[in-house]
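Not measured: the values here are computed from a predicted model. Ligands are counted one by one from 1 in listed order, and the atoms in each one are counted from 1 as well. In what follows, every heavy atom counts, from backbone to side chain, and hydrogens, waters and symmetry copies are set aside.
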Amino acid sequence: MIAFLTACKRGSVVLCLFLLSSGVPSLRARPAGAALAVIPQPAKVELRPGAFRFSPKTRIYLETGNRRARWVAEDLSKLLSGLMGRAVPVISAKPSAPERQAIVFSLKAPAALGPDGYRMAVSRGAIRISAPKAAGLFYALQTLRQMLPPAPGAPVKAPLRVQCVRIQDRPRFRWRGLMLDCSRTFLSMEYLRHSVDLMALYKLNVLHLHLTDDQGWRLAIRQYPKLTTVGAHYAERFGGAGGFYTQQQMRELIAYAKKRNITVVPEIEMPGHSGEVLAAYPELACPLPGENRTFEVTPFWQRPAHFSEPLCVCNDQVFEMYRNILSSVINLFPSEFIHVGGDEVPKQAWNESSLCQARMKAEGLKNADELQSHFMKRIEKVIAAKGRRMIGWDEILEGGLAPGAAVESWRGAKGGLAAAQLGHDVVMAPNPYTYFDFTYHSTPIEKVYSYDPAEGFTPAMAKHILGVEGCMWTHIAVTDKAIDYQIYPRLLALAEVGWSPERDRNWPGFDARMLRQFSRLRSLGVTYHDPRATGAEVGAWSESDLSGDAPRVFNWDATSLIGNAPEAQVQVRLESGNGPVYVRSFELLKDGKEAGEAVFAGPLNKRNDVEVSWLSPGARHPGCRYTLRVTLQGSMKGSSAGSVWIMKPPHSPAEAARP
Ligand code: ACM
């Protein structure tokens, strides 16, 4: 779907040099693909002979009274206790010499390691972890976690050990983010916690929540109840589905993330992508002569126009309301940055409205771009007055931007380059590399991995790169599994882009380490894309089967393809690209009776587009006949051919056994 997705996002879809100070020993970078299958690859690794073997005598020593350090030590204790089937105590003291079976956490380390840096020395007798700040200890724990086998829910039978090694590590960038669009699809608190856990494991530290958009307002704001009573749910005629987070739930998520070193950055989108706000408060649209305007919250594929009507920025009620909303948001979220969207604003209504024409004249604004910029600068002042910083998508640069504001570059890198040149800080999220809603065909894992956020920046401009962010818009993938599938393992590639030194990155080394993470992802309940997966074709349709836009039902025999696995991944693939094909329904029938259905959302637009979903056939009954019943709909634009596949579980037992 690349043309479609690049045309409109969702719509249609500090530099840190590694400091070698006198107190920090120089270590040789390890060769690619060596035994330490850790992602992101630590900055410096020196493998040593031998291993630290965990035993009943293993103890965790905490040489600091720091509360966050204690949390890290206790988390390690929990992990080891689960793996070993026995308690591994945490002792608040230095280990008595000689150190035997000691895992030692200390906050005595050179400040030059930075706030997230750490050192870890694994020898046969001890594991010593030190960092200047507790965040570094937390990251060391994630490294150690990945050197251990995945926790399978029961003690592991093999003796537990980790390779002797010396690691010195710190991130390349301070902003290593994931944007989750919880507006297009309302994401459960459970899914958000699952995402935080995975981000922490791969050392990401910013969870950007796209909390508001045309498909739903997701955060309760006491002063404006209709934002959630009306704006958080599809209109009745579309089934009313939706949801929102209470302020208490969000507080809990912020605390959960903070423990894992993750800052939650809220995005309150304005002044476009706000159809749900107009559904609740239609008076915030620009009045147009002779029109009594009403709006409703519609599912993405049912929306009446490609982009929704914007808020009427010429109406001071809009500014007042957003000032109050931001005040509530700033009270709730402790993050330095507050995201205000600002992208893809259709400005016709402003050009047609006499209110806006008068406003532009009064303020001396030449055009609608300057009108948006005028509004965003007022909003920036509200945020800055509370000691925070505004960030917005790269359109906020158009028409001028307040000096302290930061820019998230999504339409390629050019917005980031332009912003950095003007002295603004930037987060790089260029859609060809970092948009995980794009198909794996258009954005393979290797492409994500190949991205260098500093490419094209002069050293002076590069100082403005805060970091990098993966974006998961949820208008096409609408179930937890389908969303996971789009994100993983591309997020692992991006984690390494954000953390590891550019000079050491290489695809074959990463690829080998990534494959070794798959058993860990499975143990964590992650649905991921396995590039090695194979499958079998269940059925195919030709261009002539789908001429016009009448739905057509296909019944394909799947008896020999339904295995005993509790669920089967199904893929619908477009093999020619003359026009879009919609999957209207997808059912599995057992002896003619319904045995499960898969959820697909959105059309397949271009050749090689793949839609993925899952069926749960239950226990396979020998002798039963299984049929896939698929309803497809073509388009008057042209007919496309395609096929439906059932994928085999990708992993081999050998891979599952390796840490
Ligand atoms: C975007 O994808 N419109 C930020």
Side-chain angles (χ1 to χ4, degrees), residues 1-13 175 177-185 206-216 218 265-277 300 303 305-311 337-347 369 372-373 376 379 390-399 401 405-419 424-439 442-443 448 451 453 466-477 483 486-487 490-491 494 602 605:
M1 301 185 197
I2 190 140
F4 178 69
L5 291 173
T6 49
C8 54
K9 96 184 143 179
R10 19 181 157 152
S12 8
V13 241
W175 183 305
L178 172 66
M179 188 283 295
L180 289 178
D181 168 11
C182 40
S183 171
R184 266 43 181 286
T185 295
V206 176
L207 173 61
H208 164 182
L209 287 182
H210 184 72
L211 286 164
T212 73
D213 210 306
D214 299 324
Q215 275 64 49
R218 304 299 180 205
V265 171
E267 179 180 350
I268 302 296
E269 176 80 83
M270 66 189 86
H273 287 283
S274 301
E276 85 292 19
V277 179
F300 186 81
R303 76 220 140 111
H306 191 78
F307 289 111
S308 61
E309 176 81 11
L311 300 164
F337 286 95
I338 303 293
H339 206 300
V340 293
D343 56 312
E344 296 181 316
V345 184
K347 299 177 179 123
D369 281 350
Q372 176 170 351
S373 160
M376 296 314 263
I379 290 291
M390 178 175 107
I391 184 168
W393 300 107
D394 56 48
E395 286 93 330
I396 64 168
L397 210 50
E398 292 161 9
L401 182 57
V407 168
E408 179 156 13
S409 187
W410 73 276
R411 297 175 298 178
K414 62 182 188 311
L417 287 160
H424 297 287
D425 286 346
V426 297
V427 172
M428 298 306 291
N431 56 5
Y433 296 96
T434 69
Y435 269 35
F436 298 150
D437 51 312
F438 285 19
T439 63
S442 68
T443 306
V448 177
Y451 178 53
L466 296 172
V468 66
E469 186 167 285
C471 295
M472 183 59 212
W473 302 103
T474 59
H475 56 305
I476 295 178
I483 293 168
Q486 295 299 117
I487 298 176
R490 288 190 283 203
L491 188 65
L494 197 76
N605 279 294

Handout entry: Residue pair His273 / Glu344, side-chain donor-acceptor N/O under 3.5 Å
Key = yes

Problem - ligand 1 N/O within reach of Trp393 N/O, cut-off under 3.5 Å - result: no

Exercise for the section: Could you tell me how the ring of His210 sits relative to the ring of Trp473: parallel (under 30°), tilted (30 to 60°) or perpendicular (over 60°)? Expected result: perpendicular

Exercise for the section: Kindly state whether the ring of Trp393 and the ring of His208 have centres lying under 6.0 angstrom apart. Expected result: yes

Exercise for the section: Identify, by atom number and element, the atoms of ligand 1 in contact range of Tyr435, meaning under 4.0 Å from any of its heavy atoms. Expected result: 1 (C), 2 (O), 4 (C)

Fill in the blank from the handout: If we number the atoms of ligand 1 from 1 as shown, the ones under 4.0 Å from a heavy atom of Trp473 are 1 (C), 2 (O), 4 (C)

Handout entry: Within the 6.0 Å centroid threshold, strictly below: Trp175 and Phe337
Key = yes

